[in-house]
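Below, read A as the first sequence line, B as the second, and so on, with proteins coming before strands; counting in each chain starts at 1. Only this structure's heavy atoms are used, side chains among them; waters, hydrogens and symmetry mates stay out.
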Amino acid sequence: MDMNAVIRSVIASGPEIIVIVGACVLLMVGLVAEKRYGRLLVGATLAVVIAAAAATFALAGAPRTAYGGMFVIDDFAIFFKLVLYLATGLTVLMSGRYLEEEAIARSEYYALLLFALSGMMIMVSGLDLLTIYVGLELQSLSLYVLTGFFRHDPRSNEAALKYIILGAVSSGIFLYGLSLAYGLTGTTQLTDMATALAHGRATDPALILATIFLVTGLIFKVGAVPFHMWVPDVYEGAPTTITAFLSVASKAAAFAIVLRIFLDALAPVTEIWTVLVAVIAVLTIALGSFVALVQTNIKRMLAYSSIAHAGFALLGLVAGGPDGVASVMLYLLIYTFMNLGIFGTVVMMRKGDVRGDMIADYTGFAKTHRGLALLMLIFLFSLAGIPPTAGFFAKFYVLVALINQGYVALAVIAVLLSAVAAFFYIRIVMLMYMREPTRSFDLALTPSLRLVLAIAGLGTVGIGILPSWFLDLAQGAILTVMR
Amino acid sequence: MVDWIVLWDGYAWPGIIIVAQVLLIVVPLLLAVAYLTYAERKVIAAMQLRKGPNVVGYFGLMQPIADAVKLLFKETILPAGANKVVFIMAPMLVFILGLVGWAVIPFDEGWVLADINVGILYLFAISSLGVYGVLMAGWASNSKYPFLGALRAAAQMVSYEVSMGFVIITVLIVVGSLNLTDIVLAQKDLWFVVPLLPMFVVFFISTLAETNRSPFDLAEGESEIVAGFFLEYSSFTFALFFMGEYANMILMSAMTTILFLGGWLPIIDVAPFNWIPGIVWFAGKVALVLFCFLWVRATFPRYRYDQLMRLGWKVFLPLSLFWVVLTAGVVVAFDLVPRN
Amino acid sequence: MIIQALAFYLFAAITVASGVMVISARNPVHSVLFLILAFFNAAGLFVLMGAEFLAMILIVVYVGAVAVLFLFVVMMLDINFTELRQGFLQYLPIGALVGIILLVELIAVVGAWVVAPEAGLATSLPIPPPDQVTNTQALGEVLYTKYIYLFQTAGLVLLVAMIGAIVLTLRQREGVRRQNIGEQVSREATVEVKNVPSGSGI
């Protein structure tokens, strides 16, 4: 590479560099300012995220590749990066008080959050299976540590251990698929791989094996059946803020690479994976919806809910085409708002000796806190997919894409299963509104948490009012190859 | 009959030559090991105003031979609870590792058994293997003190290897080759001890730690853990440990000489100095470094374990890392990047 | 060439044999020692392939550092392996079944293997002929130019792993007396210099 190419590459990866440097600076600042300046750390982390967002906006425009085609800045990457910044920013805002309540206020928390963010950014900008893999490892490793951040809580330890062992196995499987794909095509670059595959036989057994391994590795990361077992345990054991982050940011990044790999590199062999993914998606929605019915812990319930949502988003992938991709992207944006909102309400319950993560803890909540209960109602309705909230349109566009592609049966099954899913969300609403409170509510509401809830509420309602505007946004940002 | 000629010319004769070369290196080396023990006792005695060995032979010169004969004729005791195979293998490993490193050492220009491209890495790899002998000995003895000694030695050697690695990288940045002959020839104008003096100091102290020599001989620590990892060893197994340790010392001194003191090169390349053959210069420099080993032993008290770890991780590691960056920066800034 | 072939079979046989011993040795310390032997012979195979840099790095990193810590930990563990192995045979049929199915699948796949003709071209491009540059230089030339992005990111992965290990295990214990050399050596705190007027004492 000559000097100009180096400079162009460095500029193209500016946002990543900002986040990584920011994380390193935070690590050092944290050594000095650990105890007294919790707010300073929150502020600094936010500043890093905002700076990265500004840099990302500045780089918007025609797609450009860097580092010899390993890295790309296109509208697709920018869309996902914005979702990631949003998720990270809101998570950071939620964290300050929560960490103090849990007595785990340490600067490494924010640094690791930023490292996880940088890993996800590398994933969504990756145009090469190797880059994607390394980004994936970077984010996973940061999240393993964050999951086990309650060092003295056996549940957190168990969660981290399960996550790291299953994560390592799935990474290994993904890597194996990657090496097979490399052996078949002679490249790890996604576009070149698609070109190479277009010439080959689609029924080559090695290709089928490679595809299955890649699907397996990726399915684990999005938490779909049959590799969903880690999700409930990890979501329950991890600090609530990290659960929120995991459920939106990690999932968005995983879906970004799923879309890129399947619809770019593996597009010539669509027939191999479509049926597989369709079956997985249906099973995932079914399992998530039914098992969530019997949960008593709200974090576990939301874990199963997130499994079901992942299944729904996978249906968008099955539909494929520009509509399918746009519907998945919009789904993830909406899911970010509503899920962070609901997790914000879980975080606020944690105060003093109250863990506040049981569903029963919300009994009669509406009698004392009318406004907050209404907000929760909106989030829950949105998660259930009840109009006119954003969640309805998320599911609606996926179904439209499915029906346009002729998958009517799949659409019908999905609708039926989401009716099941609506039940457990509405059960919480019923608990809040129809029962008398059994205890007095002492909430850990800080201005920043209020801000999170406000943003999340605004997003959930706003997209519900103007769905077509956001759909256009997503459609404008679909993969270049799909245009 | 043609096959026999091929066999002779292609395999047997080169094989004989290699064996002869190996013997030519190993026999003087073993003699050097023997007389290093003698030198150690004499030097320390002189520093402590004693006489040292002076009974066996003139000036006690036959003392090492007498010691060897004594150890050879004693009974080798195998502890009942020991893991026999590992117990026997450990001293052999230490001794062999002390010898194999010499394969790549250039004694003079072209006087080297195997002139491989990655010579310095080979030496580094061999020196990093030394820890296994200690660990295996400590574990196989099935006894408290050897085990403690082995654990200490393992932690210590792994720690100091890191900074040693960085020192070697600094030299490599300046030389641009991993070949030991190239490294020596790059010092034709100026020995690296001058521009890289702090690294030389770090390297020398790290070699002390790497060979478990005083003041870092915590793995033996006779005042607290009796004799550490070779507590249960007797007779010739003990002698192998002993010889391995001293062979390692000489190897490390040779490494220091090659990296920093210009190997076989004379001090300045003018008439009276460059008449002396390179091997003499080389041996003299190695002897000088060895003298420093003994001098340190006679002078300093043993480090405490936390001090040892602090020195390795909190002083040497940052310092050597900083020097790597600094050296690389200077080399790039002044366009001194070696090209070959 | 005969010697190369002999060396290859020697190294390969020992690697495989010690690999088998790693999983079948009864004593975990023996397992680790066999693992080290396997690494060592793998390094030998690298040398035979002309990848001397990789061989030495394999020894320095894996044998010299990683396996030492492995051995370190395994030696300190007090595990009763006969107890652990008790349930082992119970799961053998299921494990064997899964293994056999996987094996059959893999054989089916490998039997119909077609390597893309362009695969060889793409991989052989960045590697210069071995007689022109040394192995070390060739590696450095692609690692720091073409793959710099991956190289840096892999470094970050290691950094995060390090931070994680420290975050999860470092605890500030009470009652540990640490040596502060600066404090010990500094004379300001402990020694007071007084100007004593002559003839009067302190």
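Looking at C:Leu156, both its backbone and its side chain come within 4.5 Å of chain A, counting heavy atoms on both sides. Only the side chain of A:Ile20 comes within contact range of chain C, with at least one heavy atom under 4.5 Å from a heavy atom of that chain. For a residue to count as touching a neighbouring chain, one of its non-hydrogen atoms must lie under 4.5 Å from one of that chain's; by this rule C:Leu158 does not touch chain A. Heavy-atom distances place no part of A:Tyr109 under 4.5 Å from chain C, backbone and side chain included.
Interatomic distance, CZ of A:Phe115 versus CG of A:Leu112, reported as 7.5 Å (0.5 Å rounding).
Listed for the A:Thr195 side chain is a donor-acceptor partner under 3.5 Å among the backbone atoms of A:Thr191. Without hydrogens or angle criteria, A:Thr88 side chain to A:Leu84 main chain gives a donor-acceptor distance under 3.5 Å.
Just one of C:Tyr147, C:Phe151, C:Tyr149 meets the ring pair (Phe, Tyr, Trp, His ring centres under 6.0 Å) condition when paired with A:Tyr67; it is C:Tyr149.
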